[in-house]
Amino acid sequence: MDKIIEKIIEFRNSRGWKESDKPSSLAKSILIEAAELLELFQWNNENYDVNDIKDEVADILMYTLALSYDLGINIEKAIEDKIRKNQIRYPSKDK
């Protein structure tokens with residue numbers, strides 16, 4: 001995970017985009033890209049291009065990882081913590 005985050009941040013910073021990548025703008029960009037992902041299913045739930053979906057998912061993740069990096073959030077720990085919270089909130093039905 002660290003390697004891909006490093007690539008994202010290096011790409012962004014080498015283009016001078018760090019100055020405009022404020023937490024609020026990154027959060028807005030995540031939402032915009034999520035809407036673009038949803039748009040791929042807007043009129044047709046059966047015939048979609050997986051490559052288009054892949055591109056939108058990548059955009060969402062890149063903005064999310066950049067936001068996490070900028071705010072000092074360890075994304076792996078954040079996910080592990082959230083899974084633990086969800087395990088309490090939504091107990092397994094296997095028991």
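Reckoned from all heavy atoms, side chains included, excluding hydrogens, waters and symmetry mates.
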Around atom CZ of Arg15, are there more than 12 heavy atoms from other residues, nucleotides or ligands closer than 6.0 Å?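 Yes, enclosed.
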For residues 57-93, pull every pair meeting ring-ring contact (aromatic ring centres under 6.0 Å, His included), keeping only residues two or more places apart or in separate chains.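 The answer is none; no pair qualifies.
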By the side chain to side chain donor-acceptor pair (under 3.5 Å) test, which pairs, at least two apart or in different chains, include something from residues 42-60?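 For residues 42-60: none.
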For residues 22-43, which residue pairs qualify under salt bridge (charged side-chain N to carboxylate O under 4.0 Å, His left out), counting only residues two or more places apart or in two chains?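 Listed by first then second residue: nothing to list.
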Residues which pass side chain to side chain donor-acceptor pair (under 3.5 Å) with Asp21, listed by chain and number, not counting sequence neighbours: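 Here the qualifying residues are Arg12.
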Could you tell me which non-hydrogen atom of Leu37 sits nearest to which non-hydrogen atom of Ile53, and how far apart they are?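 Leu37 and Ile53 have their closest heavy atoms at CD1-CG2, 3.8 Å.
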Any idea which heavy atoms bring Pro23 and Leu71 closest together, and the distance?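 Heavy-atom minimum between the residues: CG-CD2, 3.8 Å.
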Atom pair [atom1]/[atom2] of [X] and [Y] - distance to nearest 0.5 Å:
X     : Y     : atom1 : atom2 : answer
Lys77 : Ser68 : NZ    : OG    : 13.5 Å
Ile8  : Asn13 : CD1   : CG    : 11.5 Å
Ser25 : Glu19 : OG    : CD    : 11.5 Å
Asn86 : Ile79 : CG    : CD1   : 11.5 Å
Asn74 : Glu80 : CG    : CD    : 8.0 Å
Ile73 : Leu67 : CD1   : CG    : 6.0 Å

Could you pull out all residues at least two apart from Arg84 that satisfy salt bridge (Lys or Arg N to Asp or Glu O under 4.0 Å)?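 Expected list: Asp81.
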With sequence neighbours left out, write down each residue that passes salt bridge (Lys or Arg N to Asp or Glu O under 4.0 Å) with Lys7, or none if nothing qualifies.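 Counting only residues at least two positions away or on another chain, Lys7 forms no salt bridge (Lys or Arg N to Asp or Glu O under 4.0 Å).
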Output all residues satisfying side chain to side chain contact (heavy atoms under 4.5 Å, CB included) with Leu38, sequence neighbours left out; order by chain, then residue number.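 None.
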Under the rule for side chain to side chain contact (heavy atoms under 4.5 Å, CB included), what residues qualify as partners of Leu31, not counting sequence neighbours?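 For Leu31, no residue satisfies side chain to side chain contact (heavy atoms under 4.5 Å, CB included) once neighbours in sequence are set aside.
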Ile4 side chain near Met62 side chain, heavy-atom distance below 4.5 Å: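 Answer no - side chains too far apart.
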Met1/Leu65 under side-chain contact (heavy atoms from CB on, under 4.5 Å): CA gap, chis, key distance, verdict: CA-CA 9 Å; Met1 181 73 70; Leu65 292 172; 4.0 Å; yes
Which other residues belong to the hydrophobic cluster containing Ile88, where Ile, Leu, Val, Met, Phe, Trp and Tyr are joined when side-chain heavy atoms lie under 4.5 Å apart, directly or via other members?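 Members alongside Ile88: none; it stands by itself.
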With ILVMFWY side chains joined below 4.5 Å, transitively, what does Phe11's cluster contain besides itself?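 Result for Phe11 is Trp17.
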In the single-linkage hydrophobic clustering (I, L, V, M, F, W, Y; side-chain heavy atoms under 4.5 Å), do Ile9 and Ile30 co-cluster?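 No, Ile9 and Ile30 fall in different hydrophobic clusters.
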